[in-house]
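Data block below; observations after.
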Amino acid sequence: MEFSYGPVVQVPADRYPKVFMTLPPTLPKSRPRLILAVLMVCSLLIWLENTVLSTTLETLADPVRGLGADPGQLQWATGSYTLAFATLMFTAGALGDRFGHRTVFSSGLVIFAGSSLWAAYASDVGQLIAARAAMGAGSALITPTMMAILMWTFTGPARAAAIGIFSTSAGVGMAAGPVLAGFLLDHFWWGSVFLINVPVAALTLVGLAVLVPNFRSPTRRPLDPAGMLLSIGGLVALAYGLIRAGQVAVWSRIDVWVPIAVGLVLLALFVLVELCVEVPSFDPRLLAQRTFGGGNAALGLLLFGVSAITFYNAFYLQGALGFSPMKAGLANIPTAVGALAGAPLASRLVRRLPLRLVTVPALIMAALTMGGYAFLGLQTPLVWIEILLWVQGLSVGMVIGPVTAALVSNLPLERAGAGSAVTNTVRQTGSVIGIAGGGTIMSIMYRRAIEPSLEGAPGPVQDQARVSAEQARHVATAIHQPTLAQAADDAFIHAMHVGAGWIAVVVLLGAAVLLIALPAAEKKKKPIPEPDYEEARSSV
């Protein structure tokens with residue numbers, strides 16, 4: 001692989017109008033490869049964290065082996081990370097431009113490692129939720145600065161090759177995360193799945209300090225504190241209302257609809273504020289474009305479904321089917337394998353076929369696989385579950401990569417950063433609402449289904465069994481009532497079936513939006529040539 005690098009030089013504005021370009025600093029020939037290795041280790045760490053918790057949810061719900069968390073608390077443990085990630089990520093780019101990307105990257109790693117240590121030794125669910133939110137804040141500082149450092153380090157064809165190599169860390173993390181979590185949970189306590197982040201973060205910090213220059217943009221983007229506060233407040237209130245609905249099993253209570261209403265109002269104010277800012281961190285004007293806005297909406301709806309169905313899957317495999325954490329982690333490998341195969345397959349297909357013809361059927365298939373959970377039961381053979389997970393991963397992989405690339409590539413270069421911020425924020429927001437909404441549907445339907453089986457049981461037993469299937473199984477063991485455990489399993493399966501149907505409808509809506517948003521056939525465009533850096537240097 002050949003790498004091109006040179007001194008920082010501003011390309012004359014009359015040659016490349018509207019685009020301010022800089023060349024990366026001179027680096028020794030071996031340095032870019034080492035920088036790429038450091039970035040891949042950190043990316044693997046982030047992807048591991050995104051996947052290990054799903055394997056840990058069942059253990060955290062156990063009153064003996066875990067923290068006895070109820071479904072609402074587990075929704076917050078999962079959603080607080082994603083919520084902080086979604087609302088702080090578009091601010092991290094501006095911080096990197098102002099203080100240097102290595103500085104922000106290192107700060108994010110320190111926060112991530114410290115909050116991982118906090119999560120590992122959390123004594124109650126409240127501490128775990130707070131620690132997970134802090135981990136999300138650290139990830140939000142890391143993710144955009146990783147890509148910025150990659151873009152500063154490589155140019156020309158080497159940049160595309162480096163991005164391709166870098167992206168493989170996502171697939172490795174998706175495949176390794178559940179298996180690693182399963183191994184740790186089978187041999188150690190639940191906090192070990194967070195403790196492994198600390199040495200990896202420390203190793204990455206050393207690599208950053210030794211190898212990576214503190215790149216920063218000569219053009220500083222302004223910070224956006226008003227937008228950050230409104231987006232955080234809106235998403236927190238909306239998620240709280242949705243999760244609270246699952247805890248009380250009704251929507252008419254004031255502590256349900258008021259937070260939802262407040263959240264929607266704050267998010268509307270967030271959009272209005274961003275429209276008034278001259279250089280917004282999150283530019284809602286981009287969403288007015290049919291292809292960009294519709295494509296992002298479809299991705300948000302898809303991520304809603306992925307997050308919700310992953311939440312169900314954790315309790316189905318380990319709770320209803322009784323898989324060990326290790327077996328559940330191994331059972332989820334087909335999802336990662338399918339996603340790894342789907343992205344390059346779609347990339348090859350879109351060279352010959354219109355993007356809409358490739359991605360819309362794939363999104364429909366993703367919706368059908370999520371709806372397929374409505375046909376899973378306590379006696380379903382493992383091979384059918386594995387096939388379903390593989391097809392789901394394949395179809396999701398065929399949508400996310402090509403659609404994201406098309407949305408960002410269609411924007412002018414000077415708006416690529418803003419477009420990336422919008423896309424990432426919409427996707428993470430879809431995940432937050434998916435965890436809250438999907439978990440709430442499951443909680444409500446479970447309570448309704450378990451209620452007839454609780455008649456005649458003592459009051460404390462009824463109260464505990466209504467919380468979740470995990471709590472019902474625990475109390476059934478304590479009072480030697482296997483019929484209550486069976487009723488809890490049946491109630492969970494019923495709740496999963498209903499929830500899977502609603503999730504499939506939401507993702508099918510995303511397919512309809514994508515069908516409308518994408519053109520029937522793309523016009524053939526000439527490739528945009530790489531800037532002539534040698535000529536740029538000679539012109540200075």
Checking L229 now: which residues fulfil side chain to side chain contact (heavy atoms under 4.5 Å, CB included) with it, not counting sequence neighbours?
none
Residues in side chain to side chain contact (heavy atoms under 4.5 Å, CB included) with L267, at least two apart?
L235, L238
Any idea how Y316 and Y373 line up, ring-wise: parallel (<30°), tilted (30 to 60°), or perpendicular (>60°)?
perpendicular
Passes side chain to side chain contact (heavy atoms under 4.5 Å, CB included), F112 versus V198? Steps please.
CA-CA 8 Å; F112 188 84; V198 178; over 6 Å; no
Validation row: [X], [Y] side chains within 4.5 angstrom (heavy atoms):
{"X": "F492", "Y": "M442", "answer": "yes"}
{"X": "L302", "Y": "M370", "answer": "yes"}
{"X": "V505", "Y": "L508", "answer": "no"}
{"X": "T335", "Y": "W390", "answer": "no"}
{"X": "F315", "Y": "L321", "answer": "no"}
{"X": "N313", "Y": "I309", "answer": "no"}
{"X": "W118", "Y": "Q127", "answer": "yes"}
{"X": "L266", "Y": "I232", "answer": "no"}

Taking it one step at a time, do L205 and V110 satisfy side chain to side chain contact (heavy atoms under 4.5 Å, CB included)?
CA-CA 8 Å; L205 274 171; V110 171; 4.0 Å; yes
What pair of heavy atoms forms the shortest contact from [X] to [Y], and how long is it?
{"X": "L128", "Y": "L67", "value": "CD2-CD1, 4.1 Å"}
{"X": "A491", "Y": "I450", "value": "CB-N, 3.8 Å"}
{"X": "V513", "Y": "A297", "value": "CG1-CB, 4.1 Å"}
{"X": "A61", "Y": "Q471", "value": "O-NE2, 4.1 Å"}
{"X": "L376", "Y": "L388", "value": "CD1-CD2, 4.0 Å"}
{"X": "A331", "Y": "L317", "value": "CB-CD1, 4.2 Å"}

Mind checking side-chain hydrogen bond (donor to acceptor under 3.5 Å, both in side chains) for R466 and listing every partner two or more places apart, or none if nothing turns up?
E451, Q462, D463
S139: which residues meet the side-chain hydrogen bond (donor to acceptor under 3.5 Å, both in side chains) condition with it, sequence neighbours left out?
Y81
Checking the side chain of [X] only, and the main-chain atoms of [Y] only, is there a donor and an acceptor separated by less than 3.5 Å?
{"X": "H494", "Y": "D489", "answer": "no"}
{"X": "S192", "Y": "L195", "answer": "no"}
{"X": "W189", "Y": "A120", "answer": "yes"}
{"X": "S431", "Y": "S307", "answer": "no"}
{"X": "R473", "Y": "A485", "answer": "no"}
{"X": "T143", "Y": "A140", "answer": "no"}

Worked check of side chain to side chain contact (heavy atoms under 4.5 Å, CB included) between Q318 and T59
CA-CA 9 Å; Q318 294 185 58; T59 302; 4.2 Å; yes
[atom1]-[atom2] distance between [X] and [Y], expressed to the nearest 0.5 angstrom:
{"X": "N197", "Y": "L109", "atom1": "CG", "atom2": "CG", "answer": "10.5 Å"}
{"X": "N332", "Y": "T310", "atom1": "CG", "atom2": "OG1", "answer": "8.0 Å"}
{"X": "I493", "Y": "Y446", "atom1": "CD1", "atom2": "OH", "answer": "12.0 Å"}
{"X": "I433", "Y": "T82", "atom1": "CD1", "atom2": "OG1", "answer": "11.5 Å"}
{"X": "I149", "Y": "R102", "atom1": "CD1", "atom2": "CZ", "answer": "8.5 Å"}
{"X": "R427", "Y": "N296", "atom1": "CZ", "atom2": "CG", "answer": "9.0 Å"}

I'd like a table of donor-acceptor pairs (distance under 3.5 Å, sequence neighbours excluded) in which one partner is a side-chain atom from residues 176-188, with atom names and distances.
residue, atom, partner, partner atom, Å
D186, OD2, M326, N, 3.4
H187, ND1, F183, O, 2.8

Set out, in order, the CA-CA distance, both residues' side-chain angles and the distance that settles side chain to side chain contact (heavy atoms under 4.5 Å, CB included) for V262 and V265, then state yes or no.
CA-CA 5 Å; V262 169; V265 169; 5.7 Å; no
Filter on salt bridge (Lys or Arg N to Asp or Glu O under 4.0 Å), then keep only pairs touching residues 127-142, sequence neighbours left out; what's left?
E49-R132
Under 6.0 Å between the ring centres of F304 and W502?
no
